[in-house]
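Each ligand, and each atom within it, is numbered from 1 in the order the structure gives. Basis for what follows: all heavy atoms, side chains included, without hydrogens, waters or symmetry-related copies. Worth saying up front: this structure is predicted, and the values here are computed from it rather than measured.
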Amino acid sequence: MTRLVAIINQKGGVGKTTTTVNLCHALAELGKKVTVIDFDPQGHLAVSFGIITHDISGIDLAMLKERTLEDVTLTVRENLQLIPAGSKLKDVEQMSSNGAPRGVLLRDALRGQLEDQDFIFIDCPPSSGLLVANALIATHEILVPMASDFLALQGLSHLMATVKRFEGALKRQYKLSVVISRFMSTRRISGQVLNILLLHFPNQVLATVIRETALLAECPSFGQSILEYSPKSRSARDFRNLANDFLENRVMTNDNK
Ligand SMILES: Nc1ncnc2c1ncn2[C@@H]1O[C@H](COP(=O)(O)OP(=O)(O)OP(=O)(O)O)[C@@H](O)[C@H]1O
Ligand SMILES: [Mg+2]
C-alpha cells in the first residue's frame, strides 16, 4: 500500500519544503520508493533538488488532464521521483469552477497511478486555498512541520480548524503527525512550545526534533539534500532518525523528550 502524505501548514517558512526534501531523501536512502509532488507554485521543492528549468510541466498539467502523470514525473535520485509544480499551478489556485468540482483534481490525477511507490509526499503551499483543499481531499495522512516559536502555535489552531472542517465534510479522520522542524535548543520558548504540543497532540509528535542549523539553510542553494551536502552532520542524522520515526511510528512522550 502506498502511503500518501500531505505536508501542510498554512504558515509560511516553518520548514515544510526542508522537511519534504530531506525526509524523502532519507526514506529513499533506506530503500523506500518515494515520489514527491511540488504542490507550491513557488517551485522551491524542485529547486532544492537542483531542478531549475523554467517552463517545466508538472502536476499542473496532470490535474488539468493535459498530460499523464508519467509524462511529468522526473527521477531525481535513486528511488526518488519528483513531480514539479509546473508554471500553471498558480492558475489552478485561481480557477473558476464552471460548475465542475475543483477540489478533486489532484485526487483524480493520482487515482490508480504510482502504485509501485511506498510513499507519495505532497509539499503544500503556505495557504489554505484550493491547492491545500486538493491535497486534503486526496490524502488520508498529514504531516505538520512546526517551528518552535509562539506565533507558530497561534497558526496551528487555524490549521486544526481547517483539518476538522475537512474531516467533517469527508466523514473520515486523518492520521496526523507533527514534526518539530526548526528547534532552537538555546531558546526557552522552544521547550515551552514543545510541551504545549505534547499536551495537545499526545502520541502524534514524531520522536526526533529537527534542529535549526546553518547547513540546512545552505543546502537548497546547492540543489542538494542535507544527506548529500553534509552526510555526516547532525542535521543529516536528525533526518535519518526522523525517517525511521516515520516508518516505525516512533513518537515523543513526556518521558522520552
Ligand atoms: N531546521 C532548519 N534549520 C535552518 N534553516 C531552516 C530549517 N528549516 C528550514 N530552514 C530554512 O528556513 C527557510 C524556510 O524553510 P522552508 O522553505 O522549508 O519552509 P516552508 O514552510 O516550506 O516555507 P513556505 O511556506 O514558503 O513554503 C528556508 O530558507 C530554509 O532553508
Ligand atoms: Mg515550502
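Between Thr19 and ligand 1, no N or O atom pair is found at a separation short of 3.5 Å. Below 3.5 Å of separation, one finds no N or O of Asp123 facing any N or O of ligand 1. The distance criterion of under 3.5 Å between nitrogen or oxygen atoms is not met by Ala214 with respect to ligand 1. For ligand 1, the polar-atom distance check finds an N/O of Gly15 within less than 3.5 Å of one of the ligand's N/O atoms. Among the atoms of Gly13, some N or O lies under 3.5 angstrom from an N or O of ligand 1.
Looking only at heavy atoms of the protein, atom 3 (N) of ligand 1 is closest to Thr213 N, 3.0 Å. Nearest protein heavy-atom neighbour of atom 26 (O) of ligand 1: Gln42 NE2, 3.4 Å. Protein heavy atom nearest atom 31 (O) of ligand 1, with residue, atom name and distance: Ala217 CA, 3.4 Å. Looking only at heavy atoms of the protein, atom 27 (O) of ligand 1 is closest to Asp40 OD2, 3.5 Å. Taking atom 20 (P) of ligand 1 as the reference point, the nearest protein heavy-atom neighbour is Lys16 N, 3.4 Å. Considering only non-hydrogen protein atoms, atom 17 (O) of ligand 1 sits nearest to Thr17 CB, 4.0 Å. In terms of protein heavy-atom proximity, atom 13 (C) of ligand 1 is closest to Arg182 NH1, 3.9 Å.
Residue contacts with ligand 1, taken as heavy atom pairs separated by less than 4.0 Å, do not involve His44 at all. Only the backbone of Ser181 comes within contact range of ligand 1, with a heavy atom under 4.0 Å; no side-chain atom does.
A salt bridge does not link Lys32 to Asp118: none of the charged nitrogens lies less than 4.0 Å from a carboxylate oxygen.
Between the side chains of Ser128 and Thr162, no donor N or O sits under 3.5 Å from an acceptor N or O. For Tyr229 and Glu218, the side-chain atoms include at least one donor-acceptor pair closer than 3.5 Å. Judged by distance alone, the side chains of Thr17 and Asp123 do bring a donor and an acceptor atom under 3.5 Å apart.
Inclusion of Thr18 in the first shell of the Mg ion (ligand 2) is not supported: no N, O or S atom falls under 2.8 Å.
By the definition of a contact as any protein heavy atom under 4.0 Å away, atom 7 (C) of ligand 1 is in contact. Note that atom 29 (O) of ligand 1 has no protein non-hydrogen atoms nearby, at separations under 4.0 angstrom.
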| task | Would you check, one step at a time, whether the test side-chain contact (heavy atoms from CB on, under 4.5 Å) holds for Thr139 with Val5? | result | CA-CA 6 Å; Thr139 57; Val5 186; 6.0 Å; no
| said: Please determine whether salt bridge (Lys or Arg N to Asp or Glu O under 4.0 Å) holds for the pair Lys88 and Asp60, giving the CA-CA distance in whole Å, both sets of side-chain angles, and the decisive distance to 0.1 Å. | reply: CA-CA 6 Å; Lys88 286 193 186 162; Asp60 57 343; over 6 Å; no
| request: Check the pair Arg77 / Glu29 against salt bridge (Lys or Arg N to Asp or Glu O under 4.0 Å), numbers first and verdict last. | output: CA-CA 9 Å; Arg77 302 291 188 274; Glu29 207 185 58; over 6 Å; no
| message | Could you go through Phe119 and Leu247, starting from their C-alpha distance and side-chain angles, then the distance that decides it, and tell me whether this counts as side-chain contact (heavy atoms from CB on, under 4.5 Å)? | response | CA-CA 10 Å; Phe119 292 97; Leu247 290 174; 3.5 Å; yes
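Residue contact annotation: Arg211 has a non-hydrogen atom under 4.0 Å from ligand 1.
Between Glu167 and Tyr174, the closest heavy-atom pair is OE2-N, 2.8 Å. For the pair Gly12 and Pro126, the tightest heavy-atom approach, listed with the atom from each and the gap, is CA-CB, 3.6 Å.
Figure legend: Arg3 and Phe246 shown as a cation-pi pair, the cationic atom lying under 6.0 angstrom from the six-membered ring centre and within 45 degrees of its axis.
Comparing Thr18, Val47, Ile7 by heavy-atom distance to atom 9 (C) of ligand 1, the nearest is Thr18.
Near Gly12, the atoms of ligand 1 lying under 4.0 angstrom from a non-hydrogen atom of the residue are 25 (O).
In this structure, Phe166 is a member of the same hydrophobic cluster as Leu176, with clusters built from ILVMFWY side-chain heavy atoms closer than 4.5 Å.
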